[in-house]
Each structure stands twice: as structure tokens, then as C-alpha cells.
Novice: 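Sharing a structure, written as C-alpha cells. Questions coming.
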Amino acid sequence: MGHSAVIIGAGIGGLSTARALKRHGWSVTVLEQAAALPTSGTMLGMWPAAMKALADIGIDAPSRTDGWAHIAASARTRLWTPAGRTLLTAPGGADVNLVSRPALLAALARDIDITFNTQVIDPGQLDDAELVVGADGTFSRTRQRMFGDRFHARSLGAVAWRGTVKGAVAGYGETWAPGALFGITPAGPDATNWYACIRASQTFEGPHLVHIVDQFGYWHRGVRELIDRIEENTVLHHGLFEAPKLRRFITGNTVLVGDAAHAMAPFLGRGACEAIVDGATLGRSMAQATSVKAGLALFDHERRARTRRLVLASHLMGQFAMMDTGSGIRNAAVGTVGRLVKPRPRRDPTLPRR
Ligand SMILES: Cc1cc2nc3c(=O)[nH]c(=O)nc-3n(C[C@H](O)[C@H](O)[C@H](O)COP(=O)(O)OP(=O)(O)OC[C@H]3O[C@@H](n4cnc5c(N)ncnc54)[C@H](O)[C@@H]3O)c2cc1C
């Protein structure tokens, strides 16, 4: 008889896991509390490890068309102060792929049966299943059932607004201010992605454009011109949280993946990428191991320390980008790095030295 798993949550982590297990011969049941997959959402940056994991679970180049965008390595991204002074101009380094959340979810969901409108109130009731995958996000009930109420998601004391506007812009990059940042990235040939964060202990009531103008409307022209193009009904707003440190991602036959295991601050753009890598790794671990227990131990070994480092790195990146005290020194240091790495025009050897 084949293996079977119950997956709680049809987000990026749950669906990546479903695909990976299915490819290795498992039958999967995916339970999702929402009525359908979301049809709107912003762009997610996909790092090379995530692109490889996507290929491993059958989302290869030909299926990556609608909703995908690509920034060539030659593209430069900038770091500004709110007054518009450029602190750093960085070459892209490697090509970056971007995908809209709905397009990614639709691709991952292809050929996967999802049982919608089904909220798992008590994950303990699934203990009879051969394998239970808690892919239920930042506020995971599965995590709390495994480790207790103390292991709830922690607020980062910051909130984000984000969205997409029509058309391209002249420059991409981030603007850093004490306690706030504003980011602009491409979102395809004729769209631009933006995100904005401030330190705040609570989320704001809508409408949101007024808060965005209030916080960022006096920043440099690039930010102001982008804000002018934001449509109120496209703005997403939420608080930022991270997962607590876990001693393991597994208990018995239950395993956590994605944000349930390692929700991280968004400042390195890695959460969705790591959820995909989790799914591909869990499928491979199960295929390699001789028992579910051994497969889960292998997954925990491969993923826990690595993702913990990313939770910490993402946290530090947010602290650095939005630091209050010492931001002047930080800007001076970043500016110096920018000047050091800036390519210098080469001297024409045929001209006499001055
Ligand atoms: C501002 C911001 C920008 C980001 N940018 C990037 C980026 O550029 N690149 C990147 O890689 N990542 C990015 N991320 C992170 C990324 O969005 C998340 O890490 C990723 O969506 C996590 O996927 P998940 O499947 O683990 O969780 P989720 O997306 O939260 O999915 C969990 C699913 O489980 C369902 N569920 C929850 N509880 C239950 C229950 N009891 N029963 C049934 N169903 C349940 C939910 O409805 C949901 O569908 C960003 C995050 C933020 C906040």
C-alpha cells in the first residue's frame, strides 16, 4: 500500500510539499480554511535555491510564463536616503526571478486536490494519519499543538504596506530612514512592485493611502511619484512577525514547513523561497529514508539550522535598514562602501599623466 499524508494549509509551503510528496508516489490530502486560492498579491523574489526546488517539484521553465518577471544581472539597484541622496549603487550580481503570489500558487496547485473551506481546529485529531504536515503559516495551530502556547509568533514591532502599480519606473531600490523604509522593484514589463515598512506596535485602520502619504509623502521624488500611482484598493497592510526558535520541526509523525516552522522578517525576501525548499526537501527525504521517522529526522537535520540562520539574518537586516540610533553612522559607512565598489573610469594609457 502507498504512503499518505495530510497537509494543513494550501499556501506556498503546503502546496510545494504536496507536489513533492506526490512526485515520490505519496497520496496527499490538502486541507485549507479559505474558500479558494487568492487571486491578488504582490511579487515574490525567487532566489536560485528556490528556482532549483521549483524545478525539482515540476515547475520548470516552460510553465513559468504569466506572472513571472526577470531582472537581468546587469540591472543596478540603489539605496537612497529620504532626501534622495544615493548611498549605494549595486550591480545586480545574479539574475533575479520574480513571480506574483497568485501565479506561483496556481502553478503549485496544478493537479493537486485541495479541500477548501476546511479549517483544522485541532491538529491532534489527525494523529492517525501516516504523516501530518503543518503548513498553516505564521500563526500555526499545529506548532502550538506540538510545543504549547509559549511558541506563538512574535511581533517585530513593525508593519508593512505593499502592492503593485501599473507601469515601470526610472529607478529601483530601497530608501532607508530611521524607523522606516520604502522599496521599489520591477514586477514585469509594465508593472512595479512596492513595499513600505515603519516601526509600529499596531496595524493601522484603512483607508491606507492616507497613512502612506503621511509617512512617506515628503520623501524623494522617486517615492512620491510611485505613491501618486497607488490605488487604494490594491494596498495590502499587515503587521510583521517571526516564528519562535524551535528545538525541532518534528514531533511523532507531524512536521512543520514554511512560515509555521520559520516565519521570518521580510527584509531578505526569503520566506516563500524557503517554504518551497522545505517542500522539495521533505519529498526527497521521504523518498530516501526507509521509514517516515527516518525521513522526518533527515528533513529536520537538513532544514532547521539553515532556516534559523535566515530568521536571524532577516531580523538583523530589518534592524539595520530601519535603525533609529546611529543611522547617520550607518549611512556614512554604506556610502563609503558604495564609493569603494563603484567602478572607476579607466585612464587612457595613451594620454600623458598629469
Ligand atoms: C511584506 C512581505 C514581503 C515578502 N516578500 C517575499 C519575497 O520577496 N520572497 C519570498 O521568498 N518571501 C517573501 N515573503 C514571505 C512569504 O510571503 C511567506 O514566507 C510565505 O508566503 C509562507 O508560505 P506558507 O505556505 O508557509 O504560509 P502561508 O502563506 O501563511 O499559508 C498558510 C496557509 O494555511 C492556511 N491555514 C492556516 N491555518 C489553517 C487551519 N487551521 N486549517 C486549514 N488551513 C489553515 C492559510 O489559510 C494559508 O492558506 C514576504 C512576506 C511579507 C510579509
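Every number for a ligand or one of its atoms is a count from 1 in the order of the listing. Keep in mind the model is a prediction, meaning the values are calculated, not measured.
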Novice: Do any nitrogen or oxygen atoms of V120 come within less than 3.5 Å of a nitrogen or oxygen of ligand 1?
Specialist: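 For ligand 1, there is an N or O atom that lies under 3.5 Å from one belonging to V120.
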Novice: Restricting to non-hydrogen atoms, name the atom on G171 and the atom on I184 that form the minimum distance, rounded to 0.1 Å.
Specialist: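 Where G171 meets I184 most closely, the heavy atoms are O-CG2, 4.1 Å.
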Novice: Looking at atom 18 (C) of ligand 1, what's its closest protein heavy atom, distance included?
Specialist: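 Looking at atom 18 (C) of ligand 1, the protein heavy atom closest to it is D259 OD2, 3.4 Å.
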Novice: I'd like to check which ligand 1 atoms, numbered from 1 as shown, lie under 4.0 Å from a non-hydrogen atom of G258.
Specialist: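 Under 4.0 Å from G258, ligand 1 has these atoms: 26 (O).
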Novice: Quick one: nearest non-hydrogen protein atom to atom 38 (N) of ligand 1, plus distance?
Specialist: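 Closest protein heavy atom to atom 38 (N) of ligand 1: D136 CB, 3.4 Å.
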Novice: Would you mind telling me which of L31, T142, D136, V6 makes a side chain to side chain contact (heavy atoms under 4.5 Å, CB included) with V120?
Specialist: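 It is L31; the other options fail the test.
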Novice: List the atom of A158, the atom of M322, and the distance in Å for their closest heavy-atom pair.
Specialist: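 Heavy-atom minimum between the residues: CB-CE, 4.1 Å.
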Novice: Parallel, tilted or perpendicular, judged at 30° and 60°: which one describes the rings of F216 and W219?
Specialist: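 The rings of F216 and W219 stand perpendicular, inter-plane angle above 60°.
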Novice: What protein heavy atom is closest to atom 6 (C) of ligand 1, reported as residue, atom name and distance in Å?
Specialist: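 Sorting protein heavy atoms by distance from atom 6 (C) of ligand 1 puts L44 CD2, 3.5 Å first.
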Novice: Compute whether any side-chain donor of one residue and acceptor of the other, for H237 and W161, lie under 3.5 angstrom apart.
Specialist: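 Short answer, yes.
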Novice: Heavy-atom contacts under 4.0 Å between P266 and ligand 1: side chain, backbone, both, or neither?
Specialist: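 Contact part for P266 vs ligand 1: side chain (C-beta onward).
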Novice: Which atom pair, heavy atoms only, marks the closest approach of F299 to D278?
Specialist: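 Heavy-atom minimum between the residues: CE1-O, 3.4 Å.
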Novice: Got the closest protein heavy atom to atom 34 (O) of ligand 1, with its distance?
Specialist: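 The answer is G9 CA, 3.2 Å.
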Novice: For the 3.5 Å polar cut-off, considering only N or O atoms, please tell me whether V257 and ligand 1 meet it.
Specialist: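 No, V257 has no N/O under 3.5 Å of an N/O on ligand 1.
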Novice: Considering distance alone, does some N or O of E32 sit under 3.5 Å from an N or O of ligand 1?
Specialist: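 For ligand 1, there is an N or O atom that lies under 3.5 Å from one belonging to E32.
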Novice: Heavy-atom contacts under 4.0 Å between I8 and ligand 1: side chain, backbone, both, or neither?
Specialist: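 Contact part for I8 vs ligand 1: side chain (C-beta onward).
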Novice: What atoms of ligand 1 come within less than 4.0 Å of a heavy atom belonging to G137?
Specialist: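 Taking each heavy atom of G137 in turn, ligand 1 has 27 (O), 30 (O), 32 (C) under 4.0 Å.
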Novice: Can you find a non-hydrogen atom of T118 under 4.0 Å from ligand 1?
Specialist: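 True for this residue.
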Novice: For Q215 and H211, does a side-chain donor sit closer than 3.5 Å to a side-chain acceptor?
Specialist: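 Checked: Q215/H211 side chains show no N/O donor-acceptor pair below 3.5 Å.
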Novice: Closest heavy-atom contact between H262 and V311?
Specialist: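 Smallest interatomic distance, heavy atoms only, reads O-CG2, 3.7 Å.
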Novice: For ligand 1, note which part of A50 has a heavy atom under 4.0 Å away: side chain, backbone, both or neither.
Specialist: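 Neither part.
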Novice: Strictly under 6.0 Å, is that where the ring centroids of Y195 and F182 end up?
Specialist: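 No, the ring of Y195 stays outside the 6.0 Å limit from the ring of F182, centre to centre.
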Novice: Do R162 and T42 pair up side chain to side chain, a donor and an acceptor below 3.5 Å, judged on atom types alone?
Specialist: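 On atom types as modelled, these side chains qualify, holding a pair under 3.5 Å.
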Novice: Report the nearest protein non-hydrogen atom to atom 21 (O) of ligand 1: residue, atom name, distance rounded to 0.1 Å.
Specialist: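 Looking only at protein heavy atoms, the one closest to atom 21 (O) of ligand 1 is R101 NH1, 2.8 Å.
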Novice: Could you tell me which non-hydrogen atom of A160 sits nearest to which non-hydrogen atom of L240, and how far apart they are?
Specialist: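 In this case the closest contact between A160 and L240 is CB-CD2, 3.9 Å.
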Novice: When you measure from the heavy atoms of H238 to every atom of ligand 1, does any distance fall below 4.0 Å?
Specialist: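 Contact present.
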Novice: Going by the order shown, which atoms of ligand 1 are within less than 4.0 Å of some heavy atom of G45?
Specialist: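 Those atoms are 7 (C), 8 (O), 9 (N), 10 (C), 11 (O).
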Novice: Quick one: sort the H220 and W80 rings into parallel, tilted or perpendicular, breaks at 30° and 60°.
Specialist: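 The rings of H220 and W80 sit tilted, inter-plane angle from 30° to 60°.
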Novice: Of all the heavy-atom pairs spanning W194 and T164, show the shortest one and how long it is.
Specialist: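 Heavy atoms of W194 and T164 come nearest at NE1-N, 3.6 Å.
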Novice: State if M264 counts as touching ligand 1 under the rule of any non-hydrogen atom under 4.0 Å.
Specialist: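 The answer is no: ligand 1 sits nowhere under 4.0 Å from a heavy atom of M264.
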Novice: Please list, in number order, the atoms of ligand 1 under 4.0 Å from a heavy atom of L31.
Specialist: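 Ligand 1 atoms under the 4.0 Å threshold to L31: 43 (C), 44 (N).
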Novice: Checking a contact table here: which protein heavy atom is nearest atom 44 (N) of ligand 1, and how many Å away?
Specialist: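 For atom 44 (N) of ligand 1, the nearest protein heavy atom is Q33 N, 3.2 Å.
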Novice: Does any N or O in the side chain of N253 come within less than 3.5 Å of the main-chain N or O of A129, such that one atom is a donor and the other an acceptor?
Specialist: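 Judged by distance alone, yes, a pair lies under 3.5 Å.
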Novice: Select one of side chain, backbone, both or neither to describe which atoms of R141 lie under 4.0 Å from any atom of ligand 1, heavy atoms only.
Specialist: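 Side chain only.
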Novice: Is the closest N or O pair between L240 and ligand 1 shorter than 3.5 Å?
Specialist: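 No - when backbone and side-chain N and O of L240 are compared with those of ligand 1, no distance drops under 3.5 Å.
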Novice: Could you identify the single nearest non-hydrogen protein atom to atom 24 (P) of ligand 1 and state the distance to 0.1 Å?
Specialist: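 Of the protein heavy atoms, G13 N, 3.8 Å lies nearest.
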Novice: Considering only heavy atoms of I12, which atoms of ligand 1 have at least one such atom less than 4.0 Å away?
Specialist: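 Going through ligand 1 atom by atom, the ones under 4.0 Å from I12 are 21 (O), 25 (O).
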Novice: Just to confirm my output: which protein heavy-atom neighbour is closest to atom 32 (C) of ligand 1, and how far is it?
Specialist: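 For atom 32 (C) of ligand 1, the nearest protein heavy atom is A135 O, 3.4 Å.
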